[in-house]
Amino acid sequence: MQEKYLPSEIEHAAQVQWTASQTYRARDDSDRPKYYCLSMFPYPSGRLHMGHVRNYTIGDVLARYHAMRGFNVMQPMGWDAFGLPAENAAIANNVPPAAWTYANIDHMRTQLQALGFAIDWSRELATCKPDYYRWEQWLFTRLFEKGVIYKKMAMVNWDPVDATVLANEQVIDGRGWRSGALVEKRDIPMYFFRITQYADELLSGLDSLPGWPERVKTMQANWIGKSVGVRLAFPLEFDGKQDKLWVFTTRADTLMGVTFVAVAAEHPLATRAARDNPALAAFIAECKQGSVAEADMATMEKKGMDTGLKVTHPLTGESIPVWVGNYVLMSYGEGAVMAVPAHDERDFGFAQKYDLPIKQVIEAGDIREAKKAIKAGGLTEKGLAQCEQVLSGSQFTPERWQVWYEEKNGVCVKSGKYDGLDYTAAVDAIAADLAALNLGEKKIQFRLRDWGISRQRYWGCPIPIIYCDSCGDVPVPAEQLPVVLPEDVVPDGAGNPLNKRADFVDCSCPKCGAPARRETDTMDTFVESSWYYARYACPNFDGGMLDARANKWLPVDQYIGGIEHAILHLLYARFFHKLMRDEGLVAGDEPFVNLLTQGMVIADTFYREAPDGKKIWFNPADVVVDESGARLKSDGQPVIVGGTEKMSKSKNNGVDPQALIDQYGADTARLFTMFAAPPEQSLEWSDAGVEGAHRFLKRLWKMAYEHVQGGAVAAFAGGELPEAAKTLRRQLHQTIQKVSDDIERRKQFNTAIAAVMELMNALARLDGDDATTRSVRQEALEAAVALLAPMVPHISEALYAELKPGAAMAWPAVDEAALVQDEIEFMLQVNGKLRGQIRVAATATREAIEAAALASEAAQKYLEGKPPKKVVVVPGRLVNIVV
RNA sequence: GCCGGGAUGGCGGAAUCGGUAGACGCAGCGGAUUCAAAAUCCGCCGCUGGUAACAGUGUGGGGGUUCGAGUCCCCCUCCCGGCACCA
C-alpha cells in the first residue's frame, strides 16, 4: 500500500477500471429493483460550474448508495443543447452555434468523467441532434392535428433597431441589450400548447406527490392559480350597437361598490375608443412601450386614462366610466376588471390618483361584533373601551382603508337587497341574479396561461410546419421528419438567419405539391427538456419517440435540480408526461416520484460600466478583493462589486471547479461540496474550507495505512470487549444508523459526513495493539470507508481493496447488540434552565428518574427544602423541575 | 408588485417530533516536533464579568403560547429565487 494519498493516481485508476468493466451500465434486463436517479441535464455553456458539481454529486451520492444497497441503478447524462447563449457566443466569436456547442459538450463530458460520477454514458443524448428532436417534431405534428397545439397572436418584446424579438433577459431597463433602442410590445403569430386544458389535473396531481418538497408544490399551485369567481358583463352601447364588456372577479360580493371599470391597453374597446381620441391613442401607445415581463408590468407606476365611454352597471343600471389602465393584464381573465376602490388595494390607489369615487359596501366583522356587543349592553368598562376603539375606525376614510379592503369576514352593507349577506351568500345571490339577466355566471378561472413555444431564433428545434398558399398551415408528414436545422449558420443578432436560407425555407406543400415556405421559428428550449428523462430509457430507438423500456424505467425515482426550476421546467415536464400518456407512450401520470431541489450556489459579482451604460461582468477568479476594494487582476483597475447572486453565465460569476480538481482531486471537490451546506440550502461559495476536506481524506488514508501495516486481521465478530472498544463500537453502529438515515430519508449529506468525521476522531483516540482492539479497528475502518463511498468513491474503493482485498464493498449493517447502553445521562433543568446532569440506569422507571433528579445536589440547591411545583420528565433526555 | 424561501459564533454550518444552542469543519490563538519552514500532532476558542469556581447573556428586530422556543403563532426588517422569450 502507498503511504501517501495520491488522488490523481487512484482516481485515474478507478475511472479506467469503471469504464473497462462498464460498472455503471444500467441493465434493461435485470430483475433487481430499479432505481432511476436523474439530475437535471446541463446546458453546455463551456465549462462546468460549481452548481453542476453540486447537482451531480448529490445525484451520484444517491445513485451509489442505492447501488450499494442492491438496486439496478440508472444514472444517465445528456445535454440541453439548444439555446440563446450559443447564439450570443456565435455573435461574439463568429463561430456557428453548432460547432461551439459540440466543442463545449466534449469539454464538459471530460470534466464530468474526471469527477467520477457513476453515469451510464451509453445513454448520453444531446437535444440539438436530429435523432432526438425528430421525435419532438413528430409529437408536435400529432398534437397540432389533435388541436392540443394551436396558433394565435401573442405579445413579444420588439427591438425596432435590430428588427428582432428580444428575450426578457435581453431587455435591460426597457431597452434592447445590443441596440439600446426603446423596446416595444408587438403582436406576432405563435404556436401554443393548450396547457390550460390540463390545469385541473396539473393541480390535483400535486397531491399524489408526497416525495416533492411542500414549497415546490405550493409554488406550482399558486402558479396554476385556480380561482372560483364570477364572469359578468357590463352592457354598453357603441357606434349605435349594443355590446357587452366582460370582466372576471373573485369578489362579486362587492359588485354594488363598483365605481369604474378598467381595460387593458390592448383591449378592443380601448382600441375603438382611441379612434377619435388622439390623447387616448397616445396613452395607449405609451402603454405599449417597455417589456412584456410581468415583473416590469407589476412594478411600474399605475397609470390610466378615461376613455369617455360609459357602461351600464348590470344590477343597478348606473352609468359607469371605462378607463384604460396600464396595470390590467390582457392575458388574464377578460383583459378587463371591475374596480371597487373601497375593497381592493390597487383599485384604491388608482381611485386616489385620479380622484374617482370610493364606495364602501362591506362592513368589517370586528366592527359588526362591536356594534352588536354595545347594543346588547352589560359590557365591562374594559370591554366597552375595546368596542369603542374598534368603532373609532368604523368611518371609512382613505387613511383607514386597509381595514376595509383586508376584511375577509365582512358582510354586505349599502348593497340593497344583499345587505347583511356574508361573502359566500352574497356571491351566490349576485351570481344568480346576473344569470337571470343573462349577464353573468359563476366561473373557474386559472392564472395559468397557454404555453407559447414559438421563438424567432435560429438555434432551436425547427417547428415542423409548412405554409402553402392554398392549403394553409400544413404539418410536416412523419416520413419527411426530421426537419433538419442547418448547422453551418452564424447568426448576427438581427433577426432569425434561417429567413435568409433559401435551402431551408423553400419547399413544396406536402398536400398539393405546390411551392411552399417552411416555418423558420424554432421551439422554446423548454420543450426539449420536458421529455428527455423518458428518452434516456431508450436513447437509441429509431422506430419512434419511446419504446417499452420507458415503462420499465419510469417514473424517475429521484430527480435532482436547482430550485430555480421549481415552477416552469417542472410544470412543463409534468404536462408533457400527461401528453405522452394520452398518446399511449408512457403509462403513469407523473414523471418524478421524488424531487430534491438543491439550493443555488451563489457568488460575488463584479462589473464595470461601459460608456454606453452596459455592464461588463468579470469572473470572481479574475478579481482580487482587499481593503482598498475590488480590482481586476489583469489591469489592476477597480471594478464595482455587484452583490452575491446565483452563479450564472449572464453575471459571469461562476467558479471553475477545474482548479479544485486539479489541485486536490475529485474526491476532495465532491466531499467539500457535500459538506459545506445541506443540499436544499443555498451555498455561498468560498475557497476556504476545501483544505479541511482534503486534510480529512489524508487523515483517513493515513489511519488505514498504519492499520494495514500492522498485518492482516479479521473484523470484530463478537464477544466481550474492554470499555473503550465497546464505546467505540457503539459509536460505530450509531454512525452506520445515522449515515444510512441521513442519505436515504433526510438526504442531508453534510451531517452524514460530520458523523463519520466524529467516528474517525474517536477511532484515532482508541489505543491498543492487541488482537481484539485491532479487530474492532478493522471493523470501524471497513465501515467508515464504505459509508463514505457514495461521497468519495475513488479513495473508498482504493482503501477498501487494501483493508479487505478481493471483497466487494457493501453497505455496512447495523449490529443492534452494539447499540445497547447501560446508563443514560439526563439533563437536569430548574425552571427551564440547565443546572446539572444525572446518570440513571437505562431501565430506570419514571419515578426512579424523578427521585434521582430531586435528590441531586443541583436540585437541592434551588429547591431550598421546599417541594417542587411540578416535575417534567422527558424520557431519555431531561428532567425539568419547576420551583 | 405578486408567489416561494432564508437569517444561528470571525466564517460554512449542527441541533431530525417543542427538550443540553453552537456537533463537524474553516479561520484564529497557544504548545509539541523541526536548524528553520511546510506538513503533522495536542490544547483553547459565542459574548460580558470573574484568577477561577461560576454567574449573567445569547439563534435578524418586536410581541405571544409553553414547565421549556433557534424550532410553534402574530407583526416588522433585510437577503435570495421565480414571475411565463436565460437555462
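Everything numeric in this text was worked out from a predicted model, so none of it was measured. Basis for what follows: all heavy atoms, side chains included, without hydrogens, waters or symmetry-related copies. Below, chains carry the letters A, B, ... as their sequence lines are ordered, and counting in each starts from 1.
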Exercise for the section: To the nearest 0.5 angstrom, please state how far the CG atom of A:Leu125 sits from the OH atom of A:Tyr133. Expected result: 14.0 Å

Problem - B:rA53 to B:rG46 separation - P atoms, rounded to the nearest Å - result: 13 Å

Handout entry: B:rG64 and B:rA52, which share atom name P, separated by this distance in whole Å
Key = 37 Å

Practice task
For A:Thr299, answer base if it contacts any base atom (sugar-phosphate contacts may also be present), sugar-phosphate if it contacts only those atoms, and nothing otherwise; contact means non-hydrogen atoms under 4.0 Å.
Solution key: base

Practice task
Sticking with atom C1', work out how far B:rU65 lies from B:rA27, rounded to a whole angstrom.
Solution key: 40 Å

Completion exercise
A:Phe526 has its side chain closest, among B:rA87, B:rA55, B:rA14, to B:rA87

Exercise for the section: Establish, yes or no, whether a centroid distance under 6.0 Å links the rings of A:Tyr132 and A:Trp531. Expected result: yes

Practice task
For B:rC78 versus B:rA23, give the span between their C1' atoms, rounded off to a whole number of Å.
Solution key: 29 Å

Exercise for the section: Name the nucleic acid region contacted by A:Arg449, choosing base, sugar-phosphate or nothing; use a 4.0 angstrom heavy-atom cut-off, strictly under. Expected result: base

Exercise for the section: From the options B:rC24, B:rG12, B:rA15, select the nucleotide whose nearest atom is closest to the side chain of A:Asn761. Expected result: B:rC24

Practice task
Describe the nucleic acid contact of A:Ala676 in one word from base, sugar-phosphate, nothing, applying a heavy-atom distance below 4.0 Å.
Solution key: sugar-phosphate

Exercise for the section: Using only heavy-atom distances, determine whether the side chains of A:Asn88 and A:Arg178 contain a donor-acceptor pair under 3.5 Å. Expected result: no

Exercise for the section: Please work out if A:Leu448 contacts a base, only the sugar-phosphate, or nothing of the nucleic acid, heavy-atom cut-off 4.0 Å. Expected result: base

Practice task
Looking at every strand, decide which applies to A:Gln456 at a 4.0 Å heavy-atom threshold: base, sugar-phosphate, or nothing.
Solution key: base

Exercise for the section: Pick base, sugar-phosphate or nothing for A:Leu878, based on heavy-atom distances below 4.0 Å to the nucleic acid. Expected result: base

Problem - Spacing of A:Gln456 atom CD and A:Thr520 atom OG1 [to the nearest 0.5 Å] - result: 8.5 Å

Exercise for the section: Starting from C1' on B:rA27, measure out to CZ on A:Phe672 and report it in whole angstrom. Expected result: 13 Å

Handout entry: Side chain of A:Lys738 (C-beta onward), nearest among B:rG1, B:rG19, B:rU16
Key = B:rU16

Practice task
May I ask you to say what A:Ser454 touches in the nucleic acid, namely base, sugar-phosphate or nothing, with a heavy-atom cut-off under 4.0 Å?
Solution key: base

Practice task
Could you measure between the two C1' atoms, the one in B:rG62 and the one in B:rG12, and give it in whole Å?
Solution key: 29 Å

Problem - Ion pair A:Arg455/A:Glu528, N-O distance below 4.0 Å - result: no

Handout entry: Integer-rounded Å distance: B:rC85 P and A:Asp450 CG
Key = 12 Å

Exercise for the section: Name the nucleic acid region contacted by A:Arg765, choosing base, sugar-phosphate or nothing; use a 4.0 angstrom heavy-atom cut-off, strictly under. Expected result: nothing

Exercise for the section: Indicate whether the side chain of A:Arg346 and that of A:Tyr327 have a donor and an acceptor atom separated by less than 3.5 Å. Expected result: no

Fill in the blank from the handout: Winner on side-chain proximity to A:Asn880, out of B:rG81, B:rA23, B:rG19, is B:rG19

Fill in the blank from the handout: A:Lys185 NZ to B:rA84 P, in whole Å, measures 12 Å

Practice task
Side chain of A:Tyr862 only, please: which of B:rC41, B:rA55, B:rG1 is the nearest?
Solution key: B:rA55

Practice task
Can you tell me, in whole Å, how much space there is between the C1' of B:rC41 and that of B:rU34?
Solution key: 13 Å

Completion exercise
Taking B:rA87, B:rC83, B:rA23 as options, the one with an atom nearest any side-chain atom of A:Pro85 is B:rA87

Handout entry: Gap between atom CE of A:Met50 and atom OG1 of A:Thr673 - 0.5 Å precision
Key = 4.0 Å

Problem - Protein-nucleotide distance (A:Arg695, atom CZ; B:rC42, atom P), rounded to Å - result: 12 Å

Practice task
Rounded to whole angstrom, note down the P distance from B:rG63 over to B:rG58.
Solution key: 12 Å

Exercise for the section: For B:rU59 versus B:rG4, give the span between their C1' atoms, rounded off to a whole number of Å. Expected result: 23 Å

Fill in the blank from the handout: Scanning all shown strands, the Watson-Crick or wobble mate of B:rG10 with both distances under 3.5 Å is B:rC26

Problem - Watson-Crick or G-U wobble mate for B:rG56, both contacts under 3.5 Å - result: B:rC47

Fill in the blank from the handout: Testing B:rG4, B:rC24, B:rG13 for proximity to the side chain of A:Gln681, the answer is B:rG13

Exercise for the section: Just compare B:rG4, B:rU40, B:rU16 and give me whichever is closest to any side-chain atom of A:Asp742. Expected result: B:rU16

Problem - Distance below 4.0 Å between A:Arg455 side-chain N/O and B:rC85 OP1 or OP2 - result: yes

Handout entry: Opposite nucleotide pairing with B:rG81, Watson-Crick or G-U, both atom distances under 3.5 Å
Key = B:rC3

Exercise for the section: Determine the contact category for A:Glu758: base if any of its heavy atoms lies under 4.0 Å from a base atom, sugar-phosphate if only primed atoms, P, OP1 or OP2 are that close, otherwise nothing. Expected result: sugar-phosphate

Exercise for the section: Mind checking A:Val165 for me? I need base, sugar-phosphate or nothing, with any heavy atom below 4.0 Å counting as a touch. Expected result: base

Exercise for the section: Just call it for A:Arg877: base, sugar-phosphate, or nothing, with non-hydrogen atoms closer than 4.0 Å on any strand. Expected result: sugar-phosphate

Exercise for the section: Calculate the interatomic distance between A:Asn168 atom CG and B:rG82 atom P; express it in whole Å. Expected result: 13 Å

Problem - From CZ (A:Phe749) to CG (A:Leu671), nearest 0.5 Å - result: 13.0 Å

Problem - Per A:Arg745 side chain, nearest of listed nucleotides B:rU16, B:rA87, B:rC85 - result: B:rU16

Exercise for the section: Could you please name the partner base of B:rC35, counting Watson-Crick and G-U wobble pairs only when both distances are under 3.5 Å? Expected result: none

Problem - First encountered from the 5' end of RNA chain B, between A:Gly452 and A:Met757 - result: A:Met757

Fill in the blank from the handout: Of A:Glu691 and A:Val216, the one whose nearest nucleotide on RNA chain B sits closer to the 5' end is A:Val216

Problem - Sugar-phosphate, base or nothing in reach of A:Met155, heavy atoms under 4.0 Å - result: nothing

Exercise for the section: Give one of base, sugar-phosphate or nothing for A:Gln829, where a contact means two heavy atoms less than 4.0 Å apart. Expected result: base

Practice task
Inspect the contact between A:Glu301 and A:Lys353 and indicate whether a charged nitrogen and a carboxylate oxygen are less than 4.0 angstrom apart.
Solution key: yes

Handout entry: Criterion ring-ring contact (aromatic ring centres under 6.0 Å, His included) against A:His694, the qualifying member of A:Tyr664, A:Trp701, A:Phe675
Key = A:Tyr664

Practice task
Scan every strand shown for a Watson-Crick or G-U wobble partner of B:rC86, both distances under 3.5 Å, and answer none if you come up empty.
Solution key: none

Practice task
Could you tell me the separation between the NZ atom of A:Lys833 and the P atom of B:rG68, rounded to a whole number of Å?
Solution key: 11 Å

Problem - Nucleotide paired to B:rA15 in any strand shown, Watson-Crick or G-U, under 3.5 Å - result: none

Practice task
Send over the distance from A:Leu763 CG to B:rC41 C1', rounded to a whole Å.
Solution key: 16 Å

Problem - Proximity to the side chain of A:Lys861 - top-ranked nucleotide from B:rA14, B:rU57, B:rA55 - result: B:rA55

Exercise for the section: Measure from CD1 on A:Ile567 to P on B:rG5 and round the result to the nearest Å. Expected result: 11 Å

Problem - Under 4.0 angstrom between A:Thr525 side-chain N/O and B:rA87 OP1 or OP2 - result: yes

Handout entry: side-chain N/O A:Arg699 vs B:rC41 OP1/OP2, d < 4.0 Å
Key = yes

Exercise for the section: Looking at every strand, decide which applies to A:Ala755 at a 4.0 Å heavy-atom threshold: base, sugar-phosphate, or nothing. Expected result: nothing

